[in-house]
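Notes to accompany the following structure.
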Amino acid sequence: MFTVPADGFHDLAGRLRADGFDFLRSLTGMDWGEAGFGVVYHLEATATGENVVLRTLTEERGHPVLPSVCDLWKAAELNEREVFDYFGIRFLNHPDMRRLFLRDDWVGYPLRKEYDPEQNPLRMSNEVSKDSSPTYELQPDGSYIRKRNVLFEEDEYVINVGPQHPATHGVLRFRVSLEGEIIKKLDVHCGYIHRGIEKMCEELTYPQTLALTDRLDYLGAAQNRHALCMCIEKGLGVEVSERVQYIRTIMDELQRIDSHLLFFACLCMDMGALTAFFYGFRDREKVLDILEQTTGGRLIQTYNTIGGVQADIHPDFVRKTREFIAYMRPRLREYHEVFTGNVIAQERLKGTGVLTRADAVSFGATGGTGRASGWACDVRKRHPYAVYDKVDFEEVLFSEGDCFARYMVRMREIEQSMNIIEQLIDNIPEGEYQLKMKPVIRIPEGSYYAAVEGSRGEFGVFIESRGDKFPYRMKFRSTGLPLVSCLETIARGTKIADLIAIGGTLDYVVPDIDR
């Protein structure tokens, strides 16, 4: 990790961006106590796969100010608002310095170490939406002035979409400016279900933090927990057995099939195809039955542990997994007959909600969304983990970047997941399913990052340790926040009815955004 002075950070970031570091993997706000407040940036060059980690900080604790990089990476826009929301760091030349999750009348900044929760009693009053946002501009003499940017003019026709669940795939709200049926602007409002998971992690031991990952993207519970276990094991210098690596890989792929089947079912329901909705749920139940027999959970997979897995696989696991794959292949053909080839589905999805490859990279929109735009962003290929370097599978890519491409990527990925499982299921090696770990786990002082390919893209975990039995800072790289941040770019100029199809094919899960 390289430390860069705040006054020269933007220039250095600009040079790195020009040198090919076009993917802002993660942006993490930090409270380093007496050293001050700052941000940690994980950057990657998509052309070479090279990674670099930077940090910048300010010693000013009263009114901390840092330069914004949202002009270099679009992913920074909402991430910097999140850092402002939780740490109170203002970013110079950021166009929209509103809170992202908390109310405007919230007192204090929750992820600061000295934060007192007693300052904020439960408020039952209605929060009024503002039509302008503050911004801070740097002056030639080094000072900065506060200005306001207009979000919506008085004569604009602005409607709410959400926060009811069916319209927005979770408790998420969009304020949409319309001209007739055409979307002119879209402003996203998060923060309806915030549970403060990252703050809670700071007071929990490492084994206790595992339970919270399942509550983020609950359709990728096994994958989320896998990432956290990998990050902790990386810090400890622990290598799990080959048996565990095989089991974790198979579980991740079953979870991906489970998630993509739900994606198919919900997208079909959003577009009025109720028969296809029932097909997806019918077949997803079979995956959940297999998972439940081994893990004990259906939605919440409390299975991965530090150094292994909770219990060995069920005696019927191998047989039932083989039977499911044999059952599922003809079902996929049935899905394509019922929905994919339907003229209404094709008319509504093709050419709608186009995201370019350059924008996908700049927003950090990984997973099926990025691959539908031609970006080969699969973590399993870029940074192989578990046994992904031992299996043969295709990274599904499309170039259109529209709703139909995003749909087809996920449908093809179900086939690839089944191929991966078939290569592993009959070859699970013997060995320990759990290493013997110390009763109290302490990670050596330092910073660690690990990532997996979740159902919706790169799910990353950043841990800063001070050598204690609990993390000094734990940050989860959301798969969904980049998908929501690119929504206005995709939706502008489309019709209001298209917004439902766009949201459905982006496939974000709101608790993962609203951590």
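Given the structure is predicted, the values throughout are model-derived calculations rather than measurements. Below, all heavy atoms of this structure are taken into account, side chains as well, without hydrogens, waters or symmetry copies.
- Classification of Arg225 and Asp214 as a salt-bridged pair holds, one side-chain N sitting under 4.0 Å from a carboxylate O.
- Using the six-membered ring where Trp is involved, Phe84 and Tyr109 have ring planes that are tilted, between 30° and 60° apart.
- At least one donor-acceptor pair closer than 3.5 Å links the side chain of Asp217 to the backbone N or O of Leu219.
- Applying the salt bridge (Lys or Arg N to Asp or Glu O under 4.0 Å) criterion to Arg103, with sequence neighbours excluded, gives Asp105.
- A salt bridge is absent between Arg456 and Asp512; no separation between the charged side-chain nitrogens and carboxylate oxygens falls under 4.0 Å.
- Checking side-chain atoms of Arg515 against main-chain N and O of Ile197 turns up no donor-acceptor pair under 3.5 Å.
- Around CD of Glu239, the count of heavy atoms belonging to other residues, nucleotides or ligands within 6.0 Å does not exceed 12.
- In terms of modelled atom types and a separation under 3.5 Å, the side chain of Ser465 and the main chain of Ile443 share a donor-acceptor contact.
- Among all heavy-atom pairs drawn from Gly220 and Gln255, the shortest one is CA-CG, 3.7 Å.
- With sequence neighbours left out, Ser241 forms a side chain to side chain contact (heavy atoms under 4.5 Å, CB included) with Arg243, Val244.
- Geometrically, Lys184 does not engage Phe152 in a cation-pi contact, judged by NZ or CZ lying under 6.0 Å from the ring centre and within 45° of the ring axis.
- At a threshold of 4.0 Å, the pair Arg473-Asp31 does not count as salt-bridged, since none of the basic side-chain nitrogens sits closer than that to a carboxylate oxygen.
- Ser362 has its side chain out of reach of Asp22: every pair of non-hydrogen atoms, C-beta onward, lies at least 4.5 Å apart.
- No hydrogens or angles considered: a donor-acceptor pair under 3.5 Å links the side chains of Arg173 and Ser129.
- Closest of all the heavy-atom pairs between Val409 and Val396 is CA-CG1, 4.0 Å.
- Under the side chain to side chain contact (heavy atoms under 4.5 Å, CB included) criterion, Ile420 pairs with Thr249, Glu253, Arg380, Tyr388, Val391, Phe393, Leu424, not counting sequence neighbours.
- Using a 3.5 Å distance cut-off with no hydrogens or angles, the side chains of Thr3 and Arg55 do pair a donor with an acceptor.
- Using the six-membered ring where Trp is involved, Tyr86 and His194 have ring planes that are tilted, between 30° and 60° apart.
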Which pairs would a plain distance check flag for residues 6-16, meaning a side-chain donor or acceptor within less than 3.5 Å of a matching protein atom at least two apart in sequence or in another chain?
residue, atom, partner, partner atom, Å
His10, NE2, Asp71, OD1, 3.1
His10, NE2, Asp71, OD2, 3.0

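- In terms of the salt bridge (Lys or Arg N to Asp or Glu O under 4.0 Å) criterion, Glu60 has no residue partners (sequence neighbours excluded).
- Not counting sequence neighbours, the partners of Phe23 by the ring pair (Phe, Tyr, Trp, His ring centres under 6.0 Å) test are Trp375.
- Enclosure of atom NZ in Lys199 by more than 12 non-hydrogen atoms of other residues, nucleotides or ligands within 6.0 angstrom is indicated.
- A side-chain donor-acceptor contact under 3.5 Å links Ser455 and Gln223.
- Ring geometry for Phe404 against Tyr407 counts as tilted: the plane angle lies between 30° and 60°, on a 0 to 90° scale.
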